[in-house]
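Just so it is clear, the structure is predicted and the values come from calculations on it, not from any experiment.
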Amino acid sequence: MGRVQNSGLILLSSLLCLLLTATSAEHSRNSYWLLRIKSKFIDSNRLLDNWSSGSHICSWNGVVCSTDETLLLGLVLAGFGLSGIISPEISNLISLQILDLSSNSLTGSIPSELGELKNLRELLLYSNYLSGTIPSELGRLKKLKALRLGDNLLSGEITSYVGNCTELEVLALAICNIKGSIPAEIGNLKYLKALNLQMNSLTGVIPEEIGRCKKLQNISLAHNMLEGAVPSSLSNLDALQFLNFANNSFSGSIPKKIGDLSNLKYLSLMGNKISGVIPSELNQLTQLETLDLSSNLLSGTMNISTAGLRTLKRLVLSKNFLTGTIPSDLCPGPFPSEILTCSLLQDVDLSNNSFSGEIPDDIDRLGRLRNLALYNNSFSGTIPPQIGNLTNLENLMLFQNRLTGGIPAEIGKLQSLESLYLFENQLSGTIPRELTNCSSLAEIDFFGNHFHGSIPETIDKLKNLVFLLLRQNELSGHIPASLGYCEKLQKLALADNKLTGTLPPTFRFLSELTLITLYNNSLEGPIPESFSLLKNLTSINFSHNRFNGSISPFLGSSSLIKLDLTNNSFAGPIPVSILESRNLMRLRLGYNHLNGGIPSELGELTGLEILDLSSNDFTGGLDSKLSDLKQLDHLLLGRNRLTGSIPSWLGSLKSLGELDLSYNNFNGTVPGELGMCSSLIKLSLCNNHLSGSIPSEIGKLTSLNVLNLQKNNLSGPIPSTIQQCKKLYTLRLSENFLKGSIPAELGRLTELQEILDLSPIPTSLADLTSLHRLNLSNNLLRGAVPSSLSTFPASSFAGNENLCGTPLGPCGGRSASEGRQLSDAAVAGIIVAVVFTSTVICLVMLYIMLRIWCNLRKVSVSSADTGGFGQRGEEGRWDYPDREKRNSEYWKMSSPGLVPSPETNITSPARIFLAEDKDRPGS
């Protein structure tokens, strides 16, 4: 008996030794492979430092062992900050059930060797930088329940072999850049509960086989390029709770059978091409909490009844073509007021449709409402005062409707209200003081209404105010000083009102202000020096007011990008402190009383795109440092007292689209270098003292629309290269000393609508089919008016003494080259006139001769001869002066004084000028 016991003990000891030996060997083997796998990682956080051969692997970070520590079950290194690659040698961890390397920075491909891990249940590699395709070998993982590879840089298609993982419950491949179609083999995944393929580039249709995945609870295919109809087989998915097909290209109608998904809580079909009506069967989804059908082509009535949708919290039907009224058996009236039966509704968005009618008075039945968006519809009537009972309301968006009346004072009860957007309605009245009781208000936009009165003095109670946009109303009075205590304010727009007074000095407290627009008011006075403390300002527009003093308070902030002070009464020089605003892109100071020279320091504002200093009192020339403004698109310096020559360096401003140096005292020539400004659209150098010829390089300005060189001392011919400016529609060259002919090539400028020139009119101008108004008056034109222009009134050609032809007088005495050739009828008329005149003369002569013969019989021959000669002599003396007088009157008829102004005879809106010499000396 003792021997048997001893034998048993020996056997047990042997088995234990064998087991320990095997376990030790397994641990040694796993330790070896784990260290090999570690060698391919870059462990910047040193979380794998305790991976060493001197310790048991079950104590290593991220290693999961069985309870008895005999098996390696999991490698969970999620979020360890690892980079490097996944070693193919990981396939040697044959007992591994969980591999989680998610949320790291791993690169390289997914090793196909992972298909050897026959015991693997979970493969989690999401949120890395893995690339390449999904290996088909993963289809060998028969026990796999979760495959999550999303948020990587993968390519290729979803392998059809995934259908072999028949135990799969979760398939998540979102944000992977994968293409192709969804494989039909997905229908083999009988246990699949979650399918997430969103934000890829998948195409094709959803396979009907998806209806075989009876345990599916969550489907997200959003943000792909899927098309076709929403498959009716989805109605087989009784367990479905979450369905997101947003932002694809699905078409057709919403399947009525979706109403059979009794467990559905979330349904989004937004951003597709789904048309037709909203099926009433959706009202059967008694568990639905979110319904989003926005941005589709749905039409008809709203057809949603919350009598069935009792758990609905979020309803979004925006950006469709919904119209009509609600059926009377649900809730009568044009507004979809049947939603009022749903007391759980928190968010309602019916914006961008064609709903009409009034906002119902009993809207306060939606006691839990947080967001109400009804904008861009045709709602009319007033804002009901009951809206003040929606105490949970956070965002109220009623803009772009036809609402009238005022803002109800009850709105002041909305303590949770953060955004109030009422712009572009027909609201009127004053802004109620009670509004300032909405202590949470951060955004107010009342643009484009008819509010009058003053801005409430209690505005400073809105301590959270970030946006205050009251532009384009009829507000009057002063800007309240209390506004300066809304210290969180970032955007302030009070433009296009009737505000008066000065800028409050309290604005110095608005340190977070980034935008302020006060243009088109009647504000006045100097700007407080403390305004310069607002260092976050990026955009300032105080144009069209009556401000005066220095502009220095606006300068000194490196954040400033746009400054517009046009049409005020600011005076003094541009301060050097403008250098501190180095990020300026738009500087508009036109129509003020600024003086001094244009500072060379402006050349250091290298990001400047618009520089408008027009209509001031600047003197001096243009410093060469301004040539550093390479981004300049508009340079407007007209109507100053600038002198010197136009610098050639302007040609280096390749981005220049508009150059206006008009009404100054520039002299010298037009630099040919301007032809290098290939982007130039408008060039105005008129009313200066420029001389020399028009450079032929002008022809290089192929984008030019407007060329105005009038009222200078330019001479020489018009360059024929101007024909290359094919987009030219305004050409003004009057009041110069140009000579020669108008180039026939002008006829190729088919866009030309305004033209001004000196010399004969070429017949090629008939090709200017856009010509609606013609003014060639007060020039030195000569020759005949081309027949193609004869339909214009005589006033169009007045003041050209050497011009003739219809509609002017005939070109009698003209050479054939200058006048028109006579028609056959005219020739016949002239012949008849000559014959008739000759006959009359013959009869008169015969009468005279008979009288003379009679007198010869009574008087002497000498007396008869003398008397007869004297009579003819008188006729001769009377005849020539008379013709001279008539000729004088003919030319006088072409003088400017006897021709009506062209402005009184032509009313066409498309105005075309060839000359405007009303102020020309001698005219």
Side-chain angles (χ1 to χ4, degrees), residues 26-27 29-43 45 47-48 50-51 57-67 69-154 158-159 161-162 164-174 176 189 191-192 194 196:
E26 180 71 13
H27 284 177
R29 191 176 69 84
N30 287 334
S31 175
Y32 171 79
W33 291 119
L34 284 171
L35 292 176
R36 295 272 296 178
I37 293 167
K38 175 187 175 182
S39 68
K40 301 297 182 180
F41 293 147
I42 299 174
D43 180 22
N45 294 332
L47 295 179
L48 304 183
N50 69 340
W51 285 29
I57 62 170
C58 294
S59 66
W60 293 1
N61 289 339
V63 174
V64 179
C65 293
S66 60
T67 305
E69 297 187 351
T70 59
L71 295 174
L72 173 59
L73 300 180
L75 188 58
V76 183
L77 306 179
F80 272 40
L82 301 175
S83 55
I85 64 172
I86 301 174
S87 172
E89 295 176 317
I90 204 167
S91 61
N92 291 293
L93 304 178
I94 55 177
S95 61
L96 205 62
Q97 298 180 14
I98 300 173
L99 177 58
D100 187 355
L101 303 178
S102 61
S103 302
N104 283 291
S105 299
L106 299 173
T107 57
S109 60
I110 299 173
S112 59
E113 287 81 1
L114 291 178
E116 303 299 324
L117 298 174
K118 305 298 185 182
N119 294 303
L120 202 61
R121 267 80 167 170
E122 297 182 18
L123 178 56
L124 312 178
L125 304 179
Y126 61 88
S127 296
N128 279 286
Y129 298 97
L130 299 172
S131 57
T133 60
I134 300 173
S136 59
E137 288 80 1
L138 296 184
R140 301 176 185 172
L141 302 177
K142 304 295 186 181
K143 297 181 180 180
L144 196 65
K145 292 182 179 295
L147 176 60
R148 300 183 61 187
L149 308 179
D151 192 17
N152 275 291
L153 304 176
L154 302 176
I158 302 174
T159 174
Y161 291 98
V162 74
N164 296 335
C165 302
T166 53
E167 299 292 322
L168 205 59
E169 297 179 1
V170 176
L171 177 58
L173 306 177
C176 282
L189 306 179
Y191 300 100
L192 195 64
N196 188 354

Asker: Please report the interatomic distance CD1(I86) to CG(L99), rounded to the nearest 0.5 Å.
Answerer: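 If we round to the nearest 0.5 Å, I86:CD1 and L99:CG are 7.0 Å apart.
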Asker: Quick one: does any side-chain atom of N152 pair with a main-chain N or O of L130 as donor and acceptor, under 3.5 Å?
Answerer: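 Yes, the answer is positive, given that a donor and an acceptor are paired below the 3.5 Å cut-off.
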Asker: Enumerate donor-acceptor pairs with a distance under 3.5 Å from any side-chain N or O in residues 117-127 to protein atoms, sequence neighbours excluded.
Answerer:
residue, atom, partner, partner atom, Å
N119, OD1, K143, NZ, 3.3
N119, ND2, I94, O, 2.9
R121, NH1, N119, O, 2.8
S127, OG, D151, OD2, 3.0

Asker: Can you tell me how far the OG1 atom of T159 sits from the CD1 atom of I134, to the nearest 0.5 Å?
Answerer: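 Interatomic distance, T159 OG1 to I134 CD1, rounded to 0.5 Å: 8.0 Å.
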Asker: Going by heavy atoms in the side chains, are S31 and W60 under 4.5 Å from each other?
Answerer: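 The answer is yes; the side chains approach within 4.5 Å.
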Asker: Of all heavy-atom pairs between P111 and P88, which one has the smallest distance, and what is that distance?
Answerer: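 The answer is CB-CA, 4.1 Å.
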Asker: Let me confirm one number: the CD1-CD1 distance from I110 to I85, rounded to the nearest 0.5 Å.
Answerer: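 The CD1 atom of I110 sits 13.0 Å away from the CD1 atom of I85.
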Asker: Any side-chain to backbone donor/acceptor pair from S66 onto L71? Under 3.5 Å, distance only.
Answerer: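 Judged by distance alone, yes, a pair lies under 3.5 Å.
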Asker: Applying the side-chain contact (heavy atoms from CB on, under 4.5 Å) criterion to L82, which one of N45, L48, N128 satisfies it?
Answerer: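 The single option meeting the side-chain contact (heavy atoms from CB on, under 4.5 Å) with L82 is L48.
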Asker: Is a donor on one side and an acceptor on the other found under 3.5 Å between the side chain of N196 and the backbone of G150?
Answerer: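 Such a contact is absent between N196 side chain and G150 backbone.
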Asker: Would you give the length of the straight line joining atom CD1 of I37 to atom CH2 of W51, rounded to the nearest 0.5 angstrom?
Answerer: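 CH2 of W51 is found 7.0 Å from CD1 of I37.
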Asker: Under a 4.5 Å cut-off applied to non-hydrogen side-chain atoms, are N104 and F41 in contact?
Answerer: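 No, too far: nothing below the 4.5 Å cut-off.
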Asker: Is any side-chain heavy atom of L75 less than 4.5 Å from a side-chain heavy atom of V64?
Answerer: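 SC-SC contact between L75 and V64 ruled out.
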Asker: Output the distance between atom CZ (R148) and atom CG (L173), rounded to the nearest 0.5 Å.
Answerer: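 R148 CZ to L173 CG: 11.0 Å, rounded to 0.5 Å.
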Asker: Counting only heavy atoms not in K38 (residues, nucleotides, ligands), do more than 12 fall under 6.0 Å from its NZ?
Answerer: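 It does: K38 NZ has more than 12 such atoms within range.
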Asker: When you measure from the side chain of R36 to the backbone N and O of S87, does any donor-acceptor pair fall under 3.5 Å?
Answerer: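 It does not hold such a pair.
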Asker: Check whether any side-chain heavy atom of K142 lies under 4.5 Å from a side-chain heavy atom of N164, and answer yes or no.
Answerer: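 Yes, close enough: below the 4.5 Å cut-off.
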Asker: Let's go through L138 and L114 carefully: what are the C-alpha distance in whole Å and the side-chain angles of both, what is the deciding distance for side chain to side chain contact (heavy atoms under 4.5 Å, CB included) to 0.1 Å, and is it a yes or a no?
Answerer: CA-CA 7 Å; L138 296 184; L114 291 178; 4.1 Å; yes
Asker: Could you list the residues that satisfy salt bridge (Lys or Arg N to Asp or Glu O under 4.0 Å) with E116, not counting sequence neighbours?
Answerer: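 Counting only residues at least two positions away or on another chain, E116 forms a salt bridge (Lys or Arg N to Asp or Glu O under 4.0 Å) with R140.
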Asker: Listed by chain and number, what are the salt bridge (Lys or Arg N to Asp or Glu O under 4.0 Å) partners of E169, not counting sequence neighbours?
Answerer: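 For E169, the residues satisfying salt bridge (Lys or Arg N to Asp or Glu O under 4.0 Å) (neighbours in sequence not counted) are K145.
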Asker: Report yes or no: does N61 contribute a side-chain atom to a donor-acceptor pair with the main-chain N or O of N50 at less than 3.5 Å?
Answerer: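 No, N61 side chain to N50 backbone: no donor-acceptor pair under 3.5 Å.
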Asker: Has the side chain of T107 got a donor or acceptor atom that lies under 3.5 Å from a matching backbone atom of G84?
Answerer: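 Between the backbone of G84 and the side chain of T107 there is a qualifying donor-acceptor contact (under 3.5 Å).
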Asker: Determine the minimum heavy-atom distance between S105 and Y129, stating which atoms define it.
Answerer: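 That would be CA-CD1, 3.7 Å.
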Asker: From L72 CG over to L93 CG, what is the distance, rounded to the nearest 0.5 angstrom?
Answerer: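 Reported value, rounded in 0.5 Å steps: 5.5 Å.
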